[in-house]
Amino acid sequence: MLSLALLTLKARKGGFVGTFVALLLGAAVLSACGILLESGIRAGSSAERYAAADVVVAGRQEVELTFKDLDGSTVKESQPLPERVPLRASSADRITGVDGAKAVIADVGAPVRLVTDAGQPVPGHHGAGVEAHNWSSLGLGDFRLTTGHAPRAAGEIVLDTELAAQAGVGPGDDIRLMTTSVPRTFQVAGLVALKDGGTPRRSVAFLADATLRQSVPEASVQAFGVLAAPGASPHRLADAIQSTLHDDHLAVHTGEGRGRAEFLDVTVSGSNLVVLAAAIGGNVLLVAVFVLYATTSLSIRHRRREIALLRAIGTTPGQIRRMVAAEAAATGLLAGVVGCPAGLLLVYWLRDRFAGHGIVPSDFGLALSPLPFLAAVLVTVLTALVAVLSAAHRATRIRPTEALGEAAVETPGLGRGRRITGGVLLVLSAGIFVTGLAQDADFFTLVGLANSLVLVLVVAVAVLGPLVSRTAVRLLAPLLNRTGVTGYLAAANTRANVARLAGAITPLVLAVSFSSTVVFAQTTGLRESADQLRAGLVADHVLTAPSGVSPDLAEKVRGMRQVASATGLVRSKVVAMGRMLGVQESVSLSAQGVDPRALGSALDLRPREGSMKALSRNTVAISTTTASWLGLGVGDTARLHLGDGTPLRAKVVAVYERGFGFTDVTMDHDLLLAHTTGKVDKSVLVRSAPSAPDLTQALSHLAAAYPGTVLRDGLAVDDQLAEQRANAWVNYLVVGVIIAYTAITVVNTLAMSTAARRREFALLRLSGTARGQVVGMMRRESVIVVAAGVGIGTLLSAFPLALVAMAVSGTPVPAVPGLGYLAIAGATAALAAAGTMLPTRMLLRIRPVEAIGAKE
């Protein structure tokens, strides 16, 4: 059977090209997603400051929530924590008593900002900022003192060599260090460098232990480095420490895990990358199944005579299925093997794009192993098998006595099974849409329903393809009949071959509906977020800095006589337990901390219920979206975990409407600030007093004392929506893959359909039809295909987009940029025209007498 399949592939190379290319693209994307997934799971970087430690004890950078599933079973789900989890200094005593531990050294540190004497901020390596650490922690790492001496006096500091070069200083020079107050001047006592001479991944400064506690009061214990006694196994020591501590909030690391403990940005971005890779891979796999089913269905339809002949000479349905399965497996295997190297190139391109949008660090390392490639090849083969066996199911059940007769003509109408299935899917779609309308402001339920709705609608159109095509022909054929002989021929052909037309329309519907839903859901959300930002910012001045604003700046601004109100704005995330479509799940929510006195005057979140003025250290306000997701209202108790894992039970005192523009949760400024890693504000919002002479000049003068701080008239919308734009870019990437798949399917489907009509073209030309008339006929048929595909795809996307629009703005009208829609529709139309007209012109170059006698 395999040899027969290989012979078929050899004889019908052109018919398998489209399937092969679609499988190759799928293998490339799936292997790239597999590498990203593995890289996210194994995310880490070689330890530097912890390289000499045998064991590192750090905070567990995730929170685990337990809840009940629909079947009553207990489910545990983890969410990454974006802020560094601090440790208690007293834990060192317990670690010291563990057998095999020679010494325990606490690593105390905090993010800081360095400023030159000229007032210029000094950026850290890769723009990641600078961290200050206690000098005694130097023994944990791979650093060595190259010049000068250790920091001994209170005003001395040691820098790494690259940071010193960036600042243009050396031993004996002065540099200013800034944390949560105005900069203090330190003298550079010495320089350190990695022992291998390499550049440290994170710029670092060292202060004497006592100086660090005095000058950087927000510094905390980030980790404990443990040096093993001679002969002690690091892994056994780690197990012993884990047993002794017996604390779920702590994580014990050895080997590569030390790097994950040291570099929080890699750990957090790795968790995000896992989610993104799974989402992209899942969408690609879903689209691949649709695409391959359409391609293989057309291929099987063109082989009906061949299959009918095999059935007539005694070939069983099982043998035919095994033959087409062997063909699919061979094609999938070859496509998978060839596609994986392309996936390797693709993954580096994706990594660079992710880094450019701030999703991962610019130096994020990829984990390469054979597993993603093996998985991609296996999934590619299985996808090909599922598609071809589904497409060949009906064709292989033809009775031998009916085989040749049925193969000669296209089967009219739909089978009973397809009609029932299509009807059920349409009823299900209507139910989903009505359910979405009844949900009102429940954003996450509506978005979930919208995604499900577009999927069910596309499947319904695929199942009811001939019926949909016949309806489209009835609507468009009268228009074609008015365009002369070529229009009449086009209308007659489409009426007689609705199944062939359905095969051409379905991939267009898939492309337009999926692409429109994904793209315009993002534009709708971004539009609403921007509108809420502009409307909610009542402040007329904003102080901001790239690396954050010192919190005491807000206090000084608030004390100015020209200022009516001011608040520092700090951003972070919280973790809670939500519910979507009746299923509980852990969720990560954006959070902001503000001074309650400035709400309504500097920042208006438009409260729907309750009072924002009641905000305190024991209360929170939540957006309408969050209220619906968490099932909370005014007076209820919110159970949250702050960004560093600290549990918080707070009373909900208000529900506000402008959560898309700002954040899901709003809480007291000082409460949230205390649980962030940097302990700095993102910005300071200032509302001037009714009579405020020279306020701009006064604010500029005050900002000059905090180098890097700039004064603006308002929040930069693009900066505030950076995370949403990054998420939108990921969705646009999915759309790009869908368009690429559509290009393959449309061109292959239409090219195969057109190529199968060479006898028809020859007969028309021999009967007196001019070459130009045949071209005109095919051009008008393309119009039907494009109009039906784009029109139906647009109609299908309107329903899920209405749900999304209602979720974000309360109205069913989404934000659809005209150029964006024209780009999607135009690209789809261009592909359809190319897939039809290019093969047509090539076939018309063949002499009719040669084409009429050509074999099938």
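Keep in mind that this is a model prediction, so the values were computed, not measured. Nothing fancy with the numbering, it's 1 onward along the sequence.
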Residue pair [X] / [Y], side-chain donor-acceptor N/O under 3.5 Å:
{"X": "Tyr656", "Y": "Thr666", "result": "yes"}
{"X": "Glu162", "Y": "Ser203", "result": "no"}
{"X": "Ser565", "Y": "Ser601", "result": "yes"}
{"X": "Ser137", "Y": "Asn134", "result": "yes"}
{"X": "Thr646", "Y": "Asp644", "result": "yes"}
{"X": "Asp209", "Y": "Ser136", "result": "yes"}

Which atom names give the shortest non-hydrogen contact between Leu695 and Ser688, and what distance separates them?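 Shortest heavy-atom separation between Leu695 and Ser688 comes out as CD2-CB, 3.2 Å.
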How far apart are the closest heavy atoms of Gln562 and Ala698, and which atoms are they?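 Smallest interatomic distance, heavy atoms only, reads NE2-CB, 4.0 Å.
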Using side-chain contact (heavy atoms from CB on, under 4.5 Å), reason through Val192 and Thr161 one step at a time and then give a plain yes or no. CA-CA 6 Å; Val192 295; Thr161 53; over 6 Å; no
Kindly indicate whether the side chain of Arg60, heavy atoms from C-beta on, has any atom under 4.5 Å from the side chain of Val85. no
What is the distance from atom [atom1] of [X] to atom [atom2] of [Y], rounded to the nearest 0.5 Å?
{"X": "Leu642", "Y": "His675", "atom1": "CG", "atom2": "NE2", "answer": "5.0 Å"}
{"X": "Glu156", "Y": "Phe186", "atom1": "CD", "atom2": "CZ", "answer": "10.5 Å"}
{"X": "Leu159", "Y": "Ile175", "atom1": "CG", "atom2": "CD1", "answer": "5.5 Å"}
{"X": "Leu140", "Y": "Ile105", "atom1": "CG", "atom2": "CD1", "answer": "4.5 Å"}
{"X": "Asp668", "Y": "Thr619", "atom1": "CG", "atom2": "OG1", "answer": "7.5 Å"}
{"X": "Ile157", "Y": "Gln187", "atom1": "CD1", "atom2": "CD", "answer": "11.5 Å"}

Salt bridge Lys679-Glu218, side-chain N to carboxylate O under 4.0 Å: no
Is the shortest side-chain N to carboxylate O distance from Arg49 to Asp142 below 4.0 Å? no
Tell me, please, which residues at least two apart from [X] pass side chain to side chain contact (heavy atoms under 4.5 Å, CB included).
{"X": "Gln166", "value": "Val122, Pro123"}
{"X": "Val63", "value": "Leu65, Gln79, Leu81, Val575, His641"}
{"X": "Pro183", "value": "Arg176, Met178, Pro707"}

Please report the C-alpha distance between Leu605 and Met612 in whole Å, then the side-chain angles of each, then the deciding distance to 0.1 Å, and finally whether the side-chain contact (heavy atoms from CB on, under 4.5 Å) criterion is met. CA-CA 9 Å; Leu605 300 178; Met612 300 293 293; 3.5 Å; yes
Just by modelled atom types, is the [Y] backbone N or O under 3.5 Å from a matching donor or acceptor in the [X] side chain?
{"X": "Thr626", "Y": "Ile622", "result": "no"}
{"X": "Ser623", "Y": "Gly659", "result": "no"}
{"X": "Lys613", "Y": "Leu599", "result": "yes"}
{"X": "Gln120", "Y": "Val115", "result": "no"}
{"X": "Arg658", "Y": "Asp604", "result": "yes"}
{"X": "Thr211", "Y": "Leu207", "result": "no"}
{"X": "Glu262", "Y": "Ala47", "result": "no"}
{"X": "Ser590", "Y": "Asp664", "result": "yes"}
{"X": "Arg258", "Y": "Ala51", "result": "yes"}
{"X": "Gln532", "Y": "Phe660", "result": "yes"}

For salt bridge (Lys or Arg N to Asp or Glu O under 4.0 Å), just list the numbers for Arg94 and Asp247, CA-CA rounded to whole Å, side-chain angles, deciding distance to a tenth of an Å, and then say yes or no. CA-CA 12 Å; Arg94 299 173 62 192; Asp247 189 341; 5.6 Å; no
Restricting to salt bridge (Lys or Arg N to Asp or Glu O under 4.0 Å), what partner residues turn up for Asp265, sequence neighbours left out? Arg201
Salt bridge (Lys or Arg N to Asp or Glu O under 4.0 Å) against Asp160, all qualifying residues, sequence neighbours excluded: none
Under the criterion side chain to side chain donor-acceptor pair (under 3.5 Å), I'd like the reasoning laid out for Arg113 against Ser550: C-alpha separation, chi angles, the key distance, then a yes or no. CA-CA 10 Å; Arg113 287 157 286 169; Ser550 297; 3.3 Å; yes
Could you walk me through whether Thr567 and Leu603 pass the side-chain contact (heavy atoms from CB on, under 4.5 Å) check? CA-CA 9 Å; Thr567 178; Leu603 189 67; 5.5 Å; no
Walk me through whether Arg202 and Glu131 qualify under salt bridge (Lys or Arg N to Asp or Glu O under 4.0 Å). CA-CA 8 Å; Arg202 185 74 181 262; Glu131 285 190 348; 3.6 Å; yes
Can you list every pair that meets side-chain hydrogen bond (donor to acceptor under 3.5 Å, both in side chains) and has a residue in residues 692-710, with sequence neighbours left out?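 For residues 692-710: His541-Thr696, Asp552-Tyr706, Lys556-Tyr706.
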Fit a plane to each ring of His133 and Phe206, take the angle between them on a 0 to 90° scale, and name the class: parallel (under 30°), tilted (30 to 60°) or perpendicular (over 60°).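 If you compare the ring of His133 with that of Phe206, the planes turn out tilted.
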